[in-house]
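A quick note: this is a predicted structure, and the numbers were derived from the prediction, not measured. Note on naming: letters A, B, ... go to the chains in the order of the sequence lines (proteins, then strands), and numbering restarts at 1 for each one.
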Amino acid sequence: MSSETGFDPALYARFPTRAPRPDEEKEELAHIWCAPKGWDYLTAVNNSYIGLYYLGTAFLFFLLAGILALLMRVQLAAPLMEVLPQAVYNQVFTMHGTVMMFLFAVPAVEAAGVLLLPQMLAARDLPFPRLSAYAFWAYAVGGLCFFASIFVGLAPDGGWFMYPPLTSKAYSPGINTDFWLLGIGFIEISAIAGAIEIIVGVLRTRAPGMSLDRMPIFAWAMLVFAAMIVIAFPSVILATLLLEIERAFGWPFFDAGRGGDPLLWQHLFWFFGHPEVYIIFLPAAGMVSMIVATVARTELVGYRLIVLALLATGFISFGVWAHHMFATGLPPMTTGFFSAASMAVSIPAGIQVFAWIATLAVGKPRYSAPGLFVIGSILIFVTGGLTGVMVAMVPFDWQAHDSYFIVAHLHYVLIGGMVFPLFAAFYYWIPSISRRPLSDRLGRWVFGLMFAGMNIAFLPMHLSGLQGMPRRVSTYLPGQGLALPNLVSTVGAFLLAAGVLLFLVDLVRNFRFAPGGGTAGNVHDAGTLEWLPTELYSVRSIPVVASREPLWDDPALAARVEAGRYFLPRSATGLRETIVTSPLRAEPQYLQILPGPSPWPIAAAIFTAGFFLALTVQAYGFGLASGLFAVIAVLRWLWESDRRVAAERVDIGAGIEVPTYVTGSASHGWWAMVILLIVMGMIFVMGLFSLAFLWSNQPSYWAPPPAFRGAVPILLLDLAAAALAIGGRRLLLRGAAWPVVAFVLSTAALGGALWLDRGQWAAAGFAAEASGQGAAVFALLALQGAAVATGALMAGYCAARALRGLVTRPANTSIDLTMLFLAYAAIQGLVGALFTRAVGA
Amino acid sequence: MSNRFLLASTSAGWPPPVLDPGGPYAEPVTLLAWALLIGGAVVLAIVVAALGTALFGSKRLKAKLGGERAIWLGGFLFPAVVLTGLLIWGLSLTSSLSPQPGTDAMRVRIIGEMWWWRVHYLDARGQEALRDANELHIPVGRPVLLELESADVIHSFWIPRLAGKMDMIPGRTNKLLIEADRPGVYKGQCAEYCGGPHALMGFVVVAHSAKDFERWRAARRPADGGGGPGLDLFLASGCAACHTIRGTAANGLAGPDLTHVGSRQTLGAGILPNNPGTMAGWIADSQAIKPGNRMPAYHQFSGRELRALAAYLRGLE
Amino acid sequence: MRAWAIMLSGLLIWAAHFFILYGIGEFIGDGFASRLAIAALTGVCLAICALLAAAVMRMPPRDFFGKWRMQLAFAGLGIGALAILWQGLPALLA
């Protein structure tokens, strides 16, 4: 066996250890990870709590958006019904789509990851528990306030993809649209935070020995999911920023009359929006792969093909966005590229479906509730996939696009690809967190009602689409044969709802949250680590993983884990901690000290929500104060991190010693910062694309940019900023003051470069309100301004830590991360200055 | 309310318009649609059969299904072959349905508005020859090149029996070819959500034989000026601020051109049959029929005035 | 990084190929030269896939995990190549 980090794999042979472990160790673990009481539930950061809060909130949004769907189905049950007035209907369908996509689907799978991944990887917690808590609270507070807009008639009414110019100030003067744009802001923040958490968690906190080929499929799916969020969400972050800026300040990004282009929004939105579908689907597919293996009582057939399918989907789904735009007049060759990629993306889906069938064929399936939901999900998803191939054909899509055929297609894909797997997951995984499993008997009824209801509701919609019924209509005229299919759809929708209602009954009767042990346990005889006996600290000791289904291959594992005979049978430092392992082979590298409960994440989340909501209702003073408090709260929670403990190296079991503090590119903080910088880089790249797109599509509005030679001092300043950042970090050896001084100078150089850049554009007669070009250029400058301001904040934070003697030497994570950020900002400034001058020069 | 909407009482909804092509730009798509629908059903049947075999099949069959070979065959090779064929079909069809430069087609510019359509017939040089609204008349057997634009937000032009849809986007002119094989009425409606009464933004294409089309075209002359009390009311009540009736003093541009409103099949952009009752009803309270549309309700008219106005407008052919 | 680059090689080549094609369609436009360039690029990418697949096959597996990664890379090159081939078809047909 070869090694990745220099760790000798032969050391694994020391486990299980022989000597019995003292019981006090277990008591200490329980004490360190103790359950919250009373108000402490708000400050909890442990994944067991945050994961459940998260999942519960997401499910609440599923119910709320489902009720909206029923309202729509009543209105459409017959032609020219007057149940919902047109204006209300337009809000209701917009909210249904928005809430289902943004507030239910993405958070629900993210929640499942937060809840299940640490146990599945046998980690004590995710690497950034306070970030998870912040992400959850920002989402919950913001999401609920956003949803409340419908009760006061202020809900957005532009459809969930919010095409301008319908959503621009001229045609949507109310604040409804602003609610959408800012409401989505929360979910963007929480999705990015969750993605960073999950990538670092999956790659760096796996149990020792769990090399990539032994990783549970769900973890693979969540890894691809999170990576896709990092690439896709920046596009919608930028799009929402631009539209809000256009609405608030009149910068014409999407106004064709002033050199903007409404199609720019569609590109930006769908570059996020289509991968979004796979962002939702992949984790659910990962759940199906896990559940199929267990219900079939055999290992997954084609594990490596499924891993490949997940990865391939992750890639190819970024080449399909314009298939939502086949009817916008794109040239035939361009539509062809997207048509081809849309076909290609169905290949990995086919591989997964046949892998599930093959697994069922090898095993002896049990028709328990999770099994039924999985089988149902395969059938529904395949149907949706086949209609997906149909609409990938450009000429057919010209007919089907924006009709009820699409409504049918997308519900088959999303209900088969996400909702049914999620219900399977409820029935499957609830025993691992509840004292009682859900009722299998009721579960079969729930499945029957949902499966029948789903098909009765959505199958007729294929027909009504071909009959010419466009989507998003608040009513339809009689005499077109639409009455019958619509009535059937309405009946089906209520059957589906009855199934969900029955599930709620089951949940109330049988769900008894038991995060601190006493769960129903491994009732399905599953083989993966989340079925080990766990307490709030996760497993008693972290096992050495030698296969994909350790519990099947080593029936004694659970008892030995519980007896503390593997890694970290105690708290080595007296604090919350987990083992950080290497990304490929999961070799132990160091012990990470995890932060404990804190009121600051929830405070930061509430102030973040206050910031966005105040902006929506144009209470700018209050908004600014909220934003300031949010930043302070975040800094306050960070203040307690990046501390060294007394013991530099500790024994994590069987005499294996690892460090307790690691800096540089091996540290989890470095990884998180690099991912964050990829997010920022993607936002910036999408901004560059926007500029180039407007140039290519609105050439008559283009003016020659300032000369290249003006960029020379900008480049020099940016290069100096980068050199100061990198050199400053090196100077930490000489004293903590050196990097701080270098960082302050670096920030000053960045600010100077930005000042020069902005001045040259202004001097050349450009204004942000004047043209699409001006708007795009000044938006890029504003992005750079945000980066410089953040860099200044980080430099100030380092200075404060240096003053309080918190900057450890010879190396320090806060200094490392500030260096990375400043160097990135310098590159961004440099690229921006060159690119904006090159487009149309 | 529903008895006012008797317009579309003839069609039963079957065959669905997408599968009932009325011209050469819809027909190949219908063929493709049938192939896809049937092919999709067959593939679904194969998957169901495979799933059934996996669950209930004999040991021998299960053994065949339960391995990576089955995954490669069913999940990779089979779709790869089928989809390659489909892709080639789809790409060549896309190109053959797209407007090529230099077609000898009749040209019409259609501009989407919230929530109706301007229709400008163009002559051979692209100059505007005739204005109308919400209804397009074409000769059978001749391709018609539509130049689709928008005056406000994004709309989408869709007559399922004649062609697929094409968006109308501010700042762009999208081109769409349609052609009808037989005389008749072909209905459609806006397919891109455009706010408010998007659901009630219909459109009608009327195809005539070549001879009838010439006759129809020749009859499109300005109104003769003699309008009696109806026209006086029209001019005095503010209608003329938004509507044009060529040959009279009414020259408003915000709303549909009414020069030939009496001969249209529908009122309210494809949603009401055109008869004296619906005409009077629309004038009196179009907001109750099509909430949010840009024409205010005129409750102030007496019954007699409404009848006079409706009779005058019905006479504009 | 190198390990990931090998594992994902087929998909990475697909991504580079796709975005260049999109860039040509969006910023340069349709024309004989564009279509020729796309066809040539498609050929080059397919050849790279084939060469990489041959190289991956020849890499000596150090252990089970190493072999698993090679298999993943090899199959990924297969899927990548199919997608690249399809991606090039519009230049010939559409």
Margin query: Apply side-chain contact (heavy atoms from CB on, under 4.5 Å) to residues B:Leu93 and A:Val394 and explain how you reach the verdict.
Written below: CA-CA 9 Å; B:Leu93 189 54; A:Val394 180; over 6 Å; no

Check: Hey, mind stepping through A:Gln399 and B:Trp158 against side chain to side chain donor-acceptor pair (under 3.5 Å) and telling me if it holds?
Finding: CA-CA 8 Å; A:Gln399 288 284 16; B:Trp158 186 28; 2.8 Å; yes

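Heavy-atom pairs under 4.5 Å with chain B were tallied for A:Val362, A:Val389, A:Leu360, A:Thr383; the largest tally goes to A:Leu360. Residue with the most contacts toward chain B among A:Val301, A:Val473, A:Leu166: A:Leu166 (heavy-atom pairs, distance under 4.5 Å). Per-residue heavy-atom pair counts under 4.5 Å with chain B were compared for A:Thr359, A:Val353, A:Ile375, A:Thr335, and the maximum is reached by A:Ile375. Note: B:Pro160 leads B:Ser95, B:Gly202, B:Pro160 in heavy-atom pairs under 4.5 Å with chain A. The choice from A:Ala355, A:Gly336, A:Pro365 that makes the most heavy-atom pairs within less than 4.5 Å of chain B is A:Ala355. In terms of non-hydrogen atom pairs under 4.5 Å with chain A, the most contact-rich of B:Thr173, B:Leu97, B:Asp152 is B:Asp152. Top candidate by heavy-atom pairs under 4.5 Å with chain B, chosen from A:Gly350, A:Ser342, A:Ala358, A:Ala256, is A:Ala358. For chain A, the option among B:Pro17, B:Gly171, B:Gly90, B:Gly40 with the highest count of heavy-atom pairs below 4.5 Å is B:Pro17.
The aromatic rings of A:Tyr367 and B:Phe56 lie parallel to each other, their planes meeting at an angle below 30°, with 60° marking the opposite boundary.
In this structure, no portion of A:Ala87 lies under 4.5 Å from any heavy atom of chain B. In this structure, chain B has a heavy atom under 4.5 Å from the side chain of A:Phe161, while its backbone stays farther away. Using a 4.5 Å cut-off between heavy atoms, A:Leu263 contacts chain B through its side chain alone, with no backbone atom that close. For chain B, the nearby part of A:Phe93 is the side chain; its heavy atoms alone come within less than 4.5 Å. When heavy atoms are compared at a cutoff of 4.5 Å, A:Pro485 does not approach chain B at all. In this structure, no portion of A:Asp255 lies under 4.5 Å from any heavy atom of chain B. Neither the backbone nor the side chain of A:Ala392 has a heavy atom closer than 4.5 Å to any heavy atom of chain B. Heavy atoms of A:Leu386 lying under 4.5 Å from chain B belong exclusively to its side chain.
The line from CZ of A:Phe354 to CG of B:Leu77 is 11.5 Å long, rounded to the nearest 0.5 Å. Interatomic distance, A:Met393 CE to B:Leu83 CG, rounded to the nearest 0.5 Å: 9.0 Å. From B:Thr84, atom OG1 reaches atom CE of A:Met343 across 9.0 Å, with rounding to the nearest 0.5 Å. From B:Gln189, atom CD reaches atom OH of A:Tyr476 across 12.5 Å, with rounding to the nearest 0.5 Å. Taken to the nearest 0.5 Å, the CG atom of A:Leu330 stands 11.5 Å off from the OG1 atom of B:Thr94. In this structure, the separation between CG on B:Asp167 and OH on A:Tyr163 is 7.5 Å, given to the nearest 0.5 Å.
Summarising the geometry of B:Pro79 relative to A:Ile347, their closest heavy-atom pair is CB-CD1, 4.0 Å, with the distance given to 0.1 Å. Nearest approach of A:Pro262 to B:Ile169, heavy atoms of both residues: CG-CG2, 3.9 Å. The two residues A:Ile357 and B:Ala50 have their closest heavy-atom pair at CG2-O, 3.7 Å. Minimum heavy-atom separation, B:Val29 to A:Phe396: CG1-CA, 4.1 Å. Here the closest heavy-atom approach between residue A:Val382 and residue B:Leu44 is recorded as CG1-CD1, 3.8 Å. Nearest heavy atom pair, residue B:Glu192 against residue A:His401, reads OE1-NE2, 4.3 Å.
Here the side chain of B:Asn174 pairs a donor or acceptor atom with the backbone of A:Thr328 at under 3.5 angstrom. Proximity of a side-chain donor or acceptor of A:Gln86 to a complementary backbone N or O of B:Pro291 within less than 3.5 Å is detected. Remark: the backbone N or O of B:Gly195 is not paired with any side-chain donor or acceptor of A:Asn90 at under 3.5 angstrom.
Summarising the local packing, NZ of A:Lys169 is surrounded by more than 12 heavy atoms from other residues, nucleotides or ligands at distances under 6.0 Å.
At least one side-chain heavy atom of A:Met390 sits less than 4.5 Å from a side-chain heavy atom of B:Leu37. Looking at heavy atoms from C-beta onward, B:Ile154 lies in side-chain contact with A:Gln266 at the 4.5 angstrom threshold. When side chains are defined from C-beta on, A:Thr167 does not count as touching B:Val153, because their heavy atoms never get closer than 4.5 Å.
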